[in-house]
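The structure appears below as structure tokens.
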Amino acid sequence: MAAVVIDGKAFAADVRARVAAHVARLHEEQGIKPGLAVVLVGEDPASQVYVRNKGAQTVDCGMASFEHKLAADTSEADLLALIARLNADPAVHGILVQLPLPRHLNSDLVINSIDPAKDVDGFHISNVGLLGTGQKAMVPCTPLGCLMMLRDHHGSLAGMNAVVVGRSNIVGKPMAQLLLGDSCTVTIAHSRTRDLAAVCRGADILVAAVGRPEMITGDMVKPGATVIDVGINRIEREGRARLVGDVHYASAAAVAGAITPVPGGVGPMTIACLLANTLTACCRSHGLPEPEGLTV
Ligand code: NDP
């Protein structure tokens with residue numbers, strides 16, 4: 001039987017609609033408007049597109065968007081001073097520093113200077129620790145989006161074997177923590193894993209976050225498994241530029257029970273979860289109930 005296609009585009013639209021409805025209520029009943037500040041250093045074209053999209057979707061949801069575009073040669077001191085101002089600004093509930101930063105800036109230092117309560121990317125060391133110890137954290141957007149789709153598809157994930165291929169700090173590790181938090185039996189695979197295919201074939205839930213086009217093929221997928229493809233790879237095929245995931249879609253979809261496509265799977269969920277995190281941060285800062293189903 002053909003795999004169910006998990007439609008991330010539709011799911012993300014639903015998340016955005018739920019965020020917008022909650023934001024409208026907050027404004028009407030409490031006079032509060034959540035605000036997201038995005039800081040971009042330099043002129044990386046891909047980052048500029050991301051920042052523009054984030055700003056537009058923030059405003060579409062009824063939230064305030066503050067964009068700070070700094071020159072590529074901005075000093076660390078000036079960037080840290082801006083973050084200190086945003087930390088102190090009550091109109092700003094979420095702060096996102098677009099990565100990668102130019103090489104002369106220390107990303108860890110910069111990220112760890114953000115107030116953890118406003119760290120809507122969930123990369124601050126305090127949020128990493130909170131997530132790792134099962135406490136209330138700001139959760140990184142991409143893994144949060146994956147978890148939402150998995151919960152929606154399966155209901156309970158308890159007892160399922162989950163394999164996460166990739167151990168980056170922004171996707172692989174937090175994804176594994178979230179799946180563990182939902183009582184999966186979790187394996188993290190990486191470039192030194194022996195017999196990756198056999199490890200993957202043990203997965204009821206297989207998450208690919210590798211950055212290698214179409215590396216996970218159908219023969220690595222357990223029949224009926226749910227496959228979440230985080231990869232975004234730009235390749236050229238038959239003279240055309242194309243976007244493909246880390247999973248070979250056609251062969252995996254022939255075996256899997258459910259699968260996310262690329263594009264239109266995990267990608268749209270990332271910005272939707274950024275908006276959800278900004279709303280969550282705003283509610284927490286005001287001691288108000290958090291939006292249901294939009295956080296862990
Ligand atoms: P990183 O490059 O930081 O990490 C890649 C991971 O894959 C590493 O842990 C690496 O292992 C592992 N890996 C590399 N080669 C192999 C291999 N042959 N076998 C097994 N494991 C391997 O990437 P990210 O986590 O940042 O991103 C992963 C993918 O997700 C990329 O395609 C990226 O574009 C995409 N992405 C998509 C997002 C979205 O919004 N949908 C958001 C963020 C990322 P090791 O540690 O041993 O080197």
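Read the numbers this way: they start at 1 and go in the same order the structure lists the ligands and their atoms.
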- Test item: side-chain donor near acceptor, Gln98 and Lys54, under 3.5 Å: yes
- Among all residues two or more places apart in sequence or in another chain, which pass the salt bridge (Lys or Arg N to Asp or Glu O under 4.0 Å) test with Asp219? none
- Each residue besides Val128 in its hydrophobic cluster should be listed here, by chain and number; the cluster joins Ile, Leu, Val, Met, Phe, Trp and Tyr at side-chain heavy-atom distances under 4.5 Å. none
- Query: Cluster partners of Val49, using ILVMFWY side-chain heavy atoms under 4.5 angstrom, listed by chain and number?
  - Reply: none
- Contact residues of ligand 1 (heavy atom under 4.0 Å), by chain and number: Thr142, Val165, Gly166, Arg167, Ser168, Ile170, Val171, His190, Ser191, Leu196, Ala209, Val210, Gly211, Arg212, Met215, Val230, Gly231, Ile232, Asn233, Asp246, Val266, Gly267, Thr270
- Query: In the single-linkage hydrophobic clustering (I, L, V, M, F, W, Y; side-chain heavy atoms under 4.5 Å), do Leu96 and Ile114 co-cluster?
  - Reply: no
- Task: Verify salt bridge (Lys or Arg N to Asp or Glu O under 4.0 Å) between Arg242 and Glu236, making sure each step is shown before the conclusion.
- Result: CA-CA 6 Å; Arg242 296 192 50 173; Glu236 200 167 299; over 6 Å; no
